[in-house]
> 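I'd like to ask you about the structure that follows.
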Amino acid sequence: MGENIKIAENLSSTIRLNDGVDMPLFGLGVWLLKGETAETAICHALKNGYKMLDTAQFYENETQVGRGLKLSGIDRKDIFFVTKVWYTSHGREGTDYIDLYLIHSPYGGKVLETYDTLLEFKSQGKIRSVGVSNFGIQHLEALEKAGRPLPSVNQIELHPFQRKEKIVKYCKEKGITVMGYSPLSKGKSLDKPMLSEMSAKYGKNVGQLMIRYSVQMGYITIPKSQNFDRIISNTDVFDWRISDEDMKVLNNSEEESCTWDPTVEPWIS
């Protein structure tokens, strides 16, 4: 199958998934965005060129995402929606038209039943592409062993301090596109002196350096912000590059997670 990798050149850059669907390489993460703030932030992002929104049932803001789109006046077909089914809802559930529907994690069992249901909805045209989130190699192998088609995407925590190299390598070998969440490590690493010194070399802020790292690694990247200025500044990552030497430094940093890690959990079908 070979590696499935492409580096984003602008907000409109896309990658072709293993099922033939073209997916944007850059978008807005909307975790923790709530109420009217979520709607206005989403509207602002879309009006300024963002082509993808990443939400989830667990975020409890899917309605606000829809309202933000309506507020922007942009046609639904021009925006790529990603959402995720939470493990407490595993099994057979109805859904509206979604571009990419992910199983949020391998927790909770009924993973095969949920996966089969999403594939069924895809065959009905309700979902364009089916993927997973927070899946480790053992979970991906179990899907394949069970005779299921490989997911189009695996969304996992990815930034310079959480690289998950084995999972990334496996996904690339299998043609599963890698999507990284928390590219800013939820702010937990932004005060590291190394990052400050490195970003100053490029005339960028630390957030832009970390986002550029993910872009340069070829990951689908979804930085989160509700601040209008940062929503724009987070996109200043396409017309410059981190040197090979600095990428090597970042890729040899001590690892630390900023969130949960279901990728290490055993497989429960």
Side-chain angles (χ1 to χ4, degrees), residues 6-13 24-34 37-38 40-56 59 61 65 68 80 82 133 155-164 168 178-261:
K6 182 178 178 182
I7 296 177
E9 298 176 348
N10 52 57
L11 282 171
S12 297
S13 296
L25 280 159
F26 196 92
L28 181 72
V30 301
W31 178 69
L32 289 184
L33 271 63
K34 301 291 185 182
T37 299
T40 56
I42 289 163
C43 176
H44 180 70
L46 296 179
K47 283 187 172 181
N48 283 278
Y50 280 74
K51 303 296 184 183
M52 176 171 63
L53 300 170
D54 178 85
T55 184
Y59 301 169
N61 60 11
V65 170
F80 196 98
V82 182
S133 182
Q155 185 185 112
I156 51 178
E157 179 191 356
L158 287 172
H159 49 79
F161 309 101
Q162 186 61 212
R163 298 181 294 277
K164 289 186 166 61
V168 169
V178 177
M179 184 175 186
Y181 68 78
S182 297
L184 297 168
S185 70
K186 297 186 177 178
K188 293 184 178 180
S189 304
L190 298 184
D191 60 351
K192 290 183 180 293
M194 176 190 71
L195 295 179
S196 298
E197 294 169 8
M198 193 177 290
S199 61
K201 289 171 50 178
Y202 300 99
K204 304 296 179 181
N205 61 45
V206 172
Q208 290 166 332
L209 179 79
M210 291 188 71
I211 295 169
R212 175 63 201 183
Y213 167 85
S214 289
V215 168
Q216 202 159 312
M217 290 294 290
Y219 305 144
I220 294 176
T221 308
I222 48 170
K224 176 187 74 69
S225 182
Q226 61 186 25
N227 178 284
F228 279 22
D229 291 338
R230 281 197 292 273
I231 286 172
I232 302 303
S233 69
N234 284 347
T235 66
D236 184 15
V237 294
F238 301 114
D239 59 355
W240 59 282
R241 69 183 304 278
I242 302 170
S243 71
D244 292 343
E245 294 78 11
D246 286 340
M247 287 294 286
K248 186 175 181 180
V249 171
L250 293 172
N251 278 323
N252 283 279
S253 302
E254 184 177 353
E255 293 203 75
E256 54 185 11
S257 177
C258 67
T259 185
W260 65 336
D261 189 9

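Just the heavy atoms: all of them, side chains too, but no hydrogens, waters or symmetry mates, feed the values below.
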> Check whether any side-chain heavy atom of V206 sits under 4.5 Å from a side-chain heavy atom of S196, and report yes or no.
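V206 reaches S196 side chain to side chain.
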> Looking at every heavy atom in both G68 and L46, which two are closest together, and how far apart are they?
O-CD1, 4.4 Å
> Is there a side-chain contact between M217 and V168 (heavy atoms, below 4.5 Å)?
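In short, these two side chains do not touch, never coming nearer than 4.5 Å.
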> In terms of the angle between their ring planes, are F228 and H44 parallel, tilted or perpendicular, with boundaries placed at 30° and 60°?
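Correct class here is parallel.
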> Report yes if some heavy atom in the side chain of D246 is under 4.5 Å from a heavy atom in the side chain of K201; otherwise report no.
yes
> Evaluate Y213 against M247 for side-chain contact (heavy atoms from CB on, under 4.5 Å), listing each step before the verdict.
CA-CA 7 Å; Y213 167 85; M247 287 294 286; 3.7 Å; yes
> If we ignore hydrogens and angles and just use 3.5 Å, is the side chain of E197 paired with the main-chain N or O of M194 as donor and acceptor?
no
> Rounded at 0.5 Å granularity, tell me how far OG in S199 sits from CG in L190.
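If we round to the nearest 0.5 Å, S199:OG and L190:CG are 10.0 Å apart.
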> Without swapping roles, check the side chain of Y181 against the backbone of S133 for a donor-acceptor pair under 3.5 Å.
no
> Please identify each residue that fulfils ring pair (Phe, Tyr, Trp, His ring centres under 6.0 Å) with Y219, with sequence neighbours left out.
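Here no residue qualifies.
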> I'd like to know if the side chain of S253 reaches the main chain of V249, judged simply by a donor and an acceptor atom lying under 3.5 Å from each other, with no hydrogens or angles considered.
yes
> Is the count of non-hydrogen atoms from other residues, nucleotides or ligands lying under 6.0 Å from E256 atom CD greater than 12?
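Buried by this count: over 12 neighbours within 6.0 Å.
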> Looking at S182 and E157, what are the two nearest heavy atoms and their distance?
CB-CG, 4.5 Å
> Check for me whether K188 meets the cation-pi criterion with F161, that is, NZ or CZ under 6.0 Å from the six-membered ring centre and within 45 degrees of the ring axis.
no
> Looking only at heavy atoms, which two atoms of G27 and P223 are closest? And how far apart?
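Minimum heavy-atom contact is O-CD, 3.4 Å.
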> Are any side-chain N or O atoms of R241 and backbone N or O atoms of Q216, one a donor and one an acceptor, separated by less than 3.5 Å?
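No, the answer is negative, given that no donor and acceptor are paired below the 3.5 Å cut-off.
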> How many angstroms lie between atom CG of L209 and atom OG of S214, to the nearest 0.5 angstrom?
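Between L209 CG and S214 OG, I get 10.0 Å after rounding to 0.5 Å.
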> For residues N10 and S13, determine if any side-chain heavy atom of one lies less than 4.5 Å from a side-chain heavy atom of the other.
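With C-beta onward as the side chain, the pair touches.
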> For a quick check under 3.5 Å, do D261 and Q162 share a side-chain donor-acceptor pair by atom type?
no
> If you take all heavy atoms of S243 and Y202, which pair is closest and at what distance?
N-OH, 3.0 Å
> To the nearest 0.5 Å, how far apart are CG in L25 and CE in M52?
7.5 Å
> Mind listing the closest non-hydrogen atom pair of A41 and S225 along with its distance?
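So the minimum-distance heavy-atom pair works out to CB-O, 4.4 Å.
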> What distance separates Q208 CD from D236 CG, expressed to the nearest 0.5 Å?
5.0 Å
> Would you indicate whether the side-chain heavy atoms of L184 and K224 approach each other to under 4.5 Å?
no
> Tell me, with the steps shown, if L250 and M210 meet side-chain contact (heavy atoms from CB on, under 4.5 Å).
CA-CA 9 Å; L250 293 172; M210 291 188 71; over 6 Å; no
> Can you find a pair of side-chain heavy atoms, one from Y50 and one from N234, that are under 4.5 Å apart?
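Yes - at least one pair of side-chain heavy atoms lies under 4.5 Å apart.
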> First locate atom NZ of K51, then atom CG of L28, and finally report the distance between them rounded to the nearest 0.5 Å.
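So the gap between those two atoms works out to 14.0 Å.
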> Taking it one step at a time, do I231 and N48 satisfy side-chain contact (heavy atoms from CB on, under 4.5 Å)?
CA-CA 9 Å; I231 286 172; N48 283 278; 5.8 Å; no
> Got a second to check how far S257's OG is from K186's NZ, nearest 0.5 Å?
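If we round to the nearest 0.5 Å, S257:OG and K186:NZ are 8.0 Å apart.
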> Less than 4.5 Å apart, any side-chain heavy atom of I222 and any of Q155?
yes
